[in-house]
Amino acid sequence: AMQWKYYMICRCSGVVWHGAEWRGAVCKGGEMRARTRLRTVAVVIGVAAAAAAEAVDGRWVSDPWNGAAVWVESTAADIGVSWSGAAEDGKAAGEGVLAVFFSGRAIARYEGTMRAGRPDGLGRLETFSGDRPVVFEGALVAGRLQGKGRMRFPDGSTYTGDFAQDVAEGEGMYETPAGALYRGAVKSWLPQGRGYLSNPAAGETFLGEFAAGKKHGAGVLYIDALGKFEGTFANGQATGRGTFTSLDGYAITGEVSGGDFVGECVLATPGGGRYVGALRNGVPDGEVLYTGPDGAREKLVFHDGRRQP
């Protein structure tokens, strides 16, 4: 007796259905496995951004020992600075080390080039808010992160790539200590445009389009030990027409909605067979036409995923 063997994508994770039972370690009771998600830099940059001059207002603060003035984007009265280098026109300039203090406690340290009282050129910037600093190494222009650089966060995650006005924007690579990696286009700290995302812990790899940090547009999702889904995505979910191909050569093509294949779908088998039938709630329901490798046809009937006599 022939059985409909059908593979689907459930909420961007792989679910395998064979006969009437779920199998594989991906889903349990129809619940999705944890999704592949890039832990966006925006989550971990919040404190650092405030310490790294996100404010608009500021004032000139002078080193009490040499009188060199430094522009500090804070109006707090308890801000102090220390500058080890030279001064031009009363403002810190050239190579040196700048330390910024709040109420006597160091909140930032910059080692590099200063121009007209602001970091400008290649340098190393550390901002302190907890046990470990946020560290930036790269290019600055007039006190802003601008150009190529690398930022390391307290949890060990790193971003390497383009910056524009203190924001990760352009092309970059984000890595976590757990091995997750994103490489591609970035806008306002989030994946935006074409990119590559790999999360070994979730067993998933995605190559395609992103919008606001989520899979959105055309792409290919590879699922360890199962296969790949190639099609369109919206807000992180497989949506629209696509094809899921299993590692053992089965391929199902059809419309995907809410993470499930819906409506009429076509299943091609490795041996050359072909099933055509409608799906409801992700399982076969109704008549299914099977065409064998030799061209012979047979009608099968399913109800709620179960083959009927």
Side-chain angles (χ1 to χ4, degrees), residues 1-33 35-36 196-198 202-209 215-234 236-309:
M2 298 181 183
Q3 289 186 331
W4 170 277
K5 186 177 181 183
Y6 137 71
Y7 292 81
M8 59 175 285
I9 298 296
C10 175
R11 300 185 187 279
C12 295
S13 294
V15 177
V16 182
W17 183 89
H18 181 232
E21 66 181 53
W22 300 101
R23 69 177 175 85
V26 180
C27 277
K28 183 178 181 181
E31 295 294 323
M32 73 171 186
R33 166 176 64 185
R35 297 179 188 177
T36 296
Y196 167 87
L197 173 63
S198 173
E204 295 179 354
T205 300
F206 178 76
L207 176 63
E209 298 294 323
K215 306 178 190 75
H216 194 90
V220 183
L221 177 66
Y222 298 89
I223 306 167
D224 290 356
L226 288 177
K228 67 176 182 178
F229 174 81
E230 184 170 4
T232 58
F233 294 77
Q237 272 196 349
T239 301
R241 192 160 186 82
T243 298
F244 182 80
T245 305
S246 69
L247 293 180
D248 52 0
Y250 289 83
I252 181 170
T253 300
E255 293 291 324
V256 179
S257 177
D260 292 340
F261 280 102
V262 296
E264 185 170 287
C265 295
V266 178
L267 174 72
T269 71
R274 175 185 170 94
Y275 295 84
V276 180
L279 304 182
R280 181 178 299 172
N281 298 323
V283 295
D285 195 86
E287 286 191 352
V288 173
L289 177 63
Y290 172 74
T291 304
D294 59 357
R297 295 186 176 187
E298 180 182 359
K299 281 188 179 181
L300 310 175
V301 178
F302 285 80
H303 176 68
D304 196 25
R306 299 177 181 273
R307 184 175 174 185
Q308 302 302 297

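All of these numbers come straight from a predicted model, not from anything done at the bench.
- Ile252 is not listed as a side-chain neighbour of Tyr275, based on a closest heavy-atom distance of 4.5 Å or more.
- Within the 4.5 Å cutoff, no side-chain heavy atoms of Asp285 are placed close to those of Phe302.
- Taking the six-membered ring for Trp, Phe229 and Phe244 have ring centres at least 6.0 Å apart.
- Taking OH of Tyr222 as the start and CZ of Phe206 as the end, the distance is 10.5 Å to the nearest 0.5 Å.
- Closest approach of Gly271 to Pro293, counting heavy atoms only: O-CG, 3.2 Å.
- From Leu207, atom CG reaches atom CD of Glu230 across 9.5 Å, with rounding to the nearest 0.5 Å.
- Residues Gly240 and Thr232 come closest through the heavy atom pair CA-OG1, 3.5 Å.
- Between atom CG of residue Leu197 and atom CD of residue Glu204 there is a gap of 8.5 Å, rounded to the nearest 0.5 Å.
- Here the CZ-SG distance, from Arg241 to Cys265, works out to 7.5 Å after rounding to the nearest 0.5 Å.
- When the side-chain hydrogen bond (donor to acceptor under 3.5 Å, both in side chains) test is applied to Thr253, the partners found at least two apart in sequence or on another chain are Thr243.
- Residues Ala238 and Val256 come closest through the heavy atom pair O-CG1, 3.2 Å.
- For the atom pair Gln308 CD and His303 NE2, the distance stands at 6.5 Å (nearest 0.5 Å).
- Applying the salt bridge (charged side-chain N to carboxylate O under 4.0 Å, His left out) test to every pair with at least one member in residues 262-276, sequence neighbours left out, gives no pairs at all.
- Evaluation of the salt bridge (Lys or Arg N to Asp or Glu O under 4.0 Å) rule for Arg297 yields no partner, not counting sequence neighbours.
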